[in-house]
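Below: the structure, in structure tokens.
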Amino acid sequence: RFCYGLFIFLALGAMVRGLLALVFPLAAIFIFIILQKDFRLIWRKEWLGAFLVFWIIFLPWHVLVEMQYPGFLKIYFLYNHVGRFLGQYPPGGNNSWTFWPFLGVTVAGFFPWSFFLVGVIQTAIMRRKTMIGNTSFGWVWGSVTLFFIFLSNAKLERYFLPALPPLSLIVADYFYSVVSCKNKIL
């Protein structure tokens, strides 16, 4: 089932990339559910089992490392995750990028598709009330990811990478709508 697959990959992602592998997808899903006003998705029975699978995958390694190196979890979660987000770790700074240079790196990193972002944004504004499913989830996913990164006091040039999959899906949907519209005209 989808829930189990999601939480298996969330656990694996959290093992590799830490808490951000949880924050981006779960925040996007939660905000999408709120915007869609489909709260019955939250109360599905599958979530409980999937959540247990997540902990079965995620917890053992962290417990074993904490047992081997007492204090690891404090350093790992508080300093390396929360402290880094707030720009307080490592001591002396992160070489963090400010908003405009980081935005420039994000646009350059999406090259050559970044040329189409103006058209994509214009189309989204015009279709915002009729956007459904995948397209609106792509916007939520990309927006949550970029917003979270822009909020952080620790922005490095590669931090825009998690926003590329939803941006790619949005641009692909834009191309599809342009091509299908031109075919209707012809």
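Quantities reported herein were computed from a predicted structural model and do not represent experimental measurements.
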Exercise. Indicate, with yes or no, if M67 and F77 share a hydrophobic cluster defined by side-chain heavy-atom contacts under 4.5 Å among Ile, Leu, Val, Met, Phe, Trp and Tyr.
Key: yes
Correct closest heavy-atom pair for A27 and V144 would be CB-CG1, 3.7 Å
*side chain to side chain contact (heavy atoms under 4.5 Å, CB included) evaluation trace for V120 with W139*: CA-CA 11 Å; V120 167; W139 278 105; 3.5 Å; yes
*Examine F147 and L103 and state if one hydrophobic cluster contains both, with Ile, Leu, Val, Met, Phe, Trp and Tyr joined whenever side-chain heavy atoms are less than 4.5 Å apart.*
yes
All heavy atoms of G138 vs all of P166, minimum pair found to be O-CB, 3.4 Å
Shortest non-hydrogen pair, G18 vs H81, comes out as CA-NE2, 3.3 Å
Closest non-hydrogen contact found for S168 with F110 is OG-CE1, 3.7 Å
| field | Main-chain N/O of V107 paired to S114 side chain as donor or acceptor, under 3.5 Å | value | yes
task: Would you indicate whether the side-chain heavy atoms of F175 and W113 approach each other to under 4.5 Å?
output: yes
Shortest non-hydrogen pair, A14 vs Y76, comes out as O-OH, 3.8 Å
By side-chain contact (heavy atoms from CB on, under 4.5 Å), L10 pairs with (sequence neighbours left out) L6, F7, L22, P25, L26, F54
So salt bridge (Lys or Arg N to Asp or Glu O under 4.0 Å) across residues 162-176, not counting sequence neighbours, yields R127-D173
Practice prompt. Would you check if Y69 and I75 make a side-chain contact, meaning some heavy-atom pair closer than 4.5 Å?
Written response: no
### Message
Does W141 form a side chain to side chain contact (heavy atoms under 4.5 Å, CB included) with I170? I'd like the steps, not just the answer.
### Response
CA-CA 10 Å; W141 178 12; I170 293 165; over 6 Å; no
What side-chain donor-acceptor pairs closer than 3.5 Å can you find for residues 57-66, not counting sequence neighbours?
unit_1 : atom_1 : unit_2 : atom_2 : d
H62    : ND1    : F58    : O      : 2.8
E66    : OE1    : F72    : N      : 3.1
E66    : OE1    : L73    : N      : 2.8
E66    : OE2    : G71    : N      : 2.9

Do V105 and W100 sit in one hydrophobic cluster, given that two such residues count as connected whenever their side-chain heavy atoms are within less than 4.5 Å of each other, even indirectly?
yes
Would a single hydrophobic cluster contain both F102 and L151, if residues Ile, Leu, Val, Met, Phe, Trp and Tyr are joined by side-chain heavy-atom contacts under 4.5 Å?
yes
- Task: Determine whether more than 12 heavy atoms belonging to other residues, nucleotides or ligands lie under 6.0 Å from atom CZ of F30.
- Result: no
One should read off an interatomic distance between L167 CG and T145 OG1, to the nearest 0.5 angstrom, of 8.5 Å
Answer with yes or no whether the hydrophobic clustering places I56 together with I8; edges join I, L, V, M, F, W, Y residues whose side-chain heavy atoms lie under 4.5 Å apart. no
Residues A50 and C3: closest non-hydrogen pair is CB-O, 3.4 Å
